[in-house]
2 protein chains.
Amino acid sequence: MPHLLLKDLPRYECLLEAAREFPDLDPSATEVFLHLLRAGDEAFRVVEEHLAQHDISQGRFGVLMALWGNCQDAENKNEKPLTPAELAERTGVTRATMTGLVDTLERAGFVTRTAHPDDRRMMSVCLTKRGEKLLARILPPHFRRMAWLMEPLSEPERRTFVRLLTKVLTRATTSTPPSARDEETVRPGRA
Amino acid sequence: MPHLLLKDLPRYECLLEAAREFPDLDPSATEVFLHLLRAGDEAFRVVEEHLAQHDISQGRFGVLMALWGNCQDAENKNEKPLTPAELAERTGVTRATMTGLVDTLERAGFVTRTAHPDDRRMMSVCLTKRGEKLLARILPPHFRRMAWLMEPLSEPERRTFVRLLTKVLTRATTSTPPSARDEETVRPGRA
DNA sequence: CTTTTGTCGTTAGCCGCCTAACTATCGGTC
DNA sequence: GACCGATAGTTAGGCGGCTAACGACAAAAG
């Protein structure tokens with residue numbers, strides 16, 4: 001979803017000019033950052049448009065993929081139960097959000113919610129036949145969209161791209177940003 | 001905001017395996033796609049955490065930046081009026097959303113809403129002194145976060161990165177995805 | 001066995017984004 | 001001068017995230 005800074009990215013010379021006023025502004029870093037957010041947002045939109053045609057939001061799709069991915073592991077039995085907590089963990093939403101997502105998917109008949117045999121606190125969420133059919137219908141065009149989006153990139157470019165993205169991803173997830181201590185103590189305070 | 005597919009990205013061999021079942025799946029394209037969405041999401045989170053400490057959402061920040069960016073152009077007069085419609089266009093949200101964002105910012109005293117002198121349908125949104133002070137307080141650590149995030153990348157890597165991101169961005173915004181015609185006629189239909 | 005601690009799923013309430021519809025106003029046409 | 005389409009801003013309602021709190025249950029501590 002569009003949750004962005006500026007729609008048209010600033011030209012590099014503007015960044016250079018702004019850097020004179022703000023010594024902390026690193027022009028090339030800012031440029032990469034803005035392009036990354038913008039490109040990620042557009043790529044997101046490309047597949048979201050397709051999924052929306054099947055009345056599937058990105059969150060719901062994540063749940064279905066998590067259950068389907070799990071199916072791959074144990075394909076002998078058609079059921080591949082996961083708990084809502086595991087689903088939340090894998091798709092990166094809270095357990096509370098997962099309750100709503102599973103609610104919707106269950107109402108639509110794509111998953112079932114059954115009591116866990118061992119632990120009565122837990123539930124087992126399974127993909128139904130209908131859910132599998134939906135995925136079988138959605139996935140091929142979904143994959144085609146991703147392939148289409150990356151078509152301008154050669155194979156070496158793709159490898160380089162993944163390497164650079166991984167660098168940023170690693171940085172973002174394994175380190176703590178600068179002056180996190182200074183600012184975390186600041187309470188919002190005023191409206 | 002976390003609105004993602006899978007939190008832990010699949011290994012490449014899994015993609016290769018899945019590609020045998022789905023001929024439309026391009027493993028390298030999918031890998032780039034998933035990494036792009038994931039990295040974009042994490043980068044987004046890094047700055048969002050900081051802004052949240054000042055009770056500023058990404059949407060509100062976009063409005064402030066749009067007004068501030070406009071300030072740069074005409075710095076002689078402290079007022080830099082933009083209409084809500086222009087702000088919506090620049091930040092990539094709808095006019096309805098902009099109404100809410102400006103409401104909040106106005107209540108907090110960061111912007112003012114005044115009648116447009118020429119056209120009585122329009123409003124003029126201006127940054128207040130207090131809004132400028134907020135930006136002056138927020139921007140330096142904001143820039144430091146972006147610089148910190150990109151620190152692992154060398155200058156040549158950054159240039160390559162921007163080039164690759166631009167390729168994807170251009171593809172996503174200037175062309176229409178495959179089979180868009182086939183699917184756009186499909187009505188969601190069922191819950 | 002009882003108590004404590006922790007986990008699971010759910011609920012309630014907030015916020016930001018969307019679409020669709022409405023009102024007020026402008027500009028052009030007759 | 002009176003209509004008429006287009007446009008600006010707002011409102012109403014929906015949806016999908018979030019946090020905080022809850023009751024049910026399991027596992028460890030006594």
Side-chain angles (χ1 to χ4, degrees), chain A residues 1-5 7 41 44-45 48-49 51-52 55-64 81-108 111-125 187-188 191, chain B residues 1-5 7 41 44-45 48-49 51-64 81-108 111-125 187-188 191:
Chain A
M1 278 304 213
H3 46 34
L4 225 16
L5 305 106
K7 200 171 166 190
D41 219 48
F44 181 82
R45 189 187 51 76
E48 190 184 41
E49 275 176 6
L51 297 178
D55 213 25
I56 291 295
S57 72
Q58 200 71 223
R60 295 201 264 262
F61 183 68
V63 175
L64 295 176
L82 280 179
T83 68
E86 286 169 330
L87 285 169
E89 165 68 19
R90 298 194 188 195
T91 58
V93 300
T94 61
R95 293 195 316 251
T97 299
M98 187 51 62
T99 296
L101 291 175
V102 174
D103 276 351
T104 310
L105 288 171
E106 190 179 25
R107 262 199 307 275
V111 305
T112 59
R113 217 190 312 225
T114 57
H116 193 98
D118 305 341
D119 192 331
R120 295 206 298 179
R121 288 172 302 183
M122 303 186 185
M123 304 293 289
S124 287
V125 181
R187 289 300 313 126
Chain B
M1 283 296 217
H3 45 34
L4 224 17
L5 306 105
K7 201 172 167 191
D41 219 48
F44 182 82
R45 190 187 50 76
E48 191 184 41
E49 275 176 5
L51 296 178
Q53 293 163 10
H54 300 271
D55 213 25
I56 292 294
S57 71
Q58 200 71 224
R60 295 201 264 262
F61 184 69
V63 176
L64 295 177
L82 279 180
T83 68
E86 285 169 331
L87 286 170
E89 166 68 18
R90 298 196 188 194
T91 59
V93 301
T94 62
R95 295 197 314 264
T97 300
M98 188 51 62
T99 296
L101 291 175
V102 173
D103 277 350
T104 310
L105 288 171
E106 190 179 27
R107 262 198 309 273
V111 305
T112 58
R113 219 192 308 228
T114 57
H116 193 96
D118 305 341
D119 193 330
R120 295 206 297 179
R121 288 174 302 182
M122 303 186 186
M123 305 291 291
S124 286
V125 181
R187 289 300 312 126

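Convention: sequence-line order gives letters A, B, ...; per-chain numbering from 1.
Place Thr97(B) and Met98(A) on DNA chain C by their nearest nucleotides, and Met98(A) ends up nearer the 5' end. The nearest heavy atom of DNA chain D to Ser57(A) and to Ala96(A) marks one nucleotide each, and the one closer to the 5' end goes with Ser57(A). Of the two residues contacting DNA chain D, namely Asp118(A) and Leu101(A), the nearest-nucleotide position lying further toward the 5' end is that of Leu101(A). Two residues, Asp119(A) and Gly100(A), neighbour DNA chain C, and the one matched to the more 5' nucleotide by heavy-atom proximity is Asp119(A).
Between Pro84(B) and Val125(B) the shortest side-chain heavy-atom distance falls below 4.5 Å. Counting only heavy atoms from C-beta outward, the side chains of Val111(B) and Leu64(B) approach each other to under 4.5 Å. In this structure, Arg60(A) and Leu51(A) have side chains that are not in contact, with every pair of non-hydrogen atoms separated by 4.5 Å or more.
Under 3.5 Å, the side chain of Arg120(B) and the base of dT25(C) form no donor-acceptor pair of N or O atoms.
Rounding to whole angstrom units, CE of residue Met123(A) and C1' of dG23(D) are separated by 15 Å. Taking atom CG of Leu51(B) as the reference point, atom P of dG16(C) lies 13 Å away to the nearest angstrom. Atom-to-atom, CZ of Phe44(B) to P of dG17(D) comes out at 14 Å; the value is rounded to the nearest Å. Between the CG atom of Leu82(B) and the P atom of dG9(D) there is a distance of 11 Å, rounded to whole Å. The NE2 atom of His116(A) sits 18 Å away from the C1' atom of dT10(C) (whole-angstrom rounding). Atom pair Glu48(A):CD and dG16(D):C1' shows a separation of 11 Å (rounding to whole Å applied). The separation between Leu87(A) atom CG and dG9(C) atom C1' is 12 Å, rounded to whole Å. dG9(C) atom C1' lies 13 Å from atom CD of Glu86(A), rounded to whole Å.
Residue Glu89(A) holds its CD atom at 11.5 Å from CG of Leu82(A), rounded to the nearest 0.5 Å.
Comparing dA24(D), dC18(C), dG16(D) by their closest approach to the side chain of Arg121(A) singles out dA24(D). The side chain of Met122(B) has dA8(D) as its nearest neighbour among dA8(D), dG9(C), dT10(C). Side chain of Thr94(B), nearest nucleotide from dT19(C), dT10(C), dG17(D): dT19(C).
If you check every strand for non-hydrogen atoms under 4.0 Å, Arg95(A) touches a base.
Using a cutoff of 4.0 Å between basic side-chain nitrogens and carboxylate oxygens, Arg90(B) and Glu86(B) are not scored as salt-bridged.
Note on Arg60(A): a side-chain N or O is less than 4.0 Å away from OP1 or OP2 of dG16(D).
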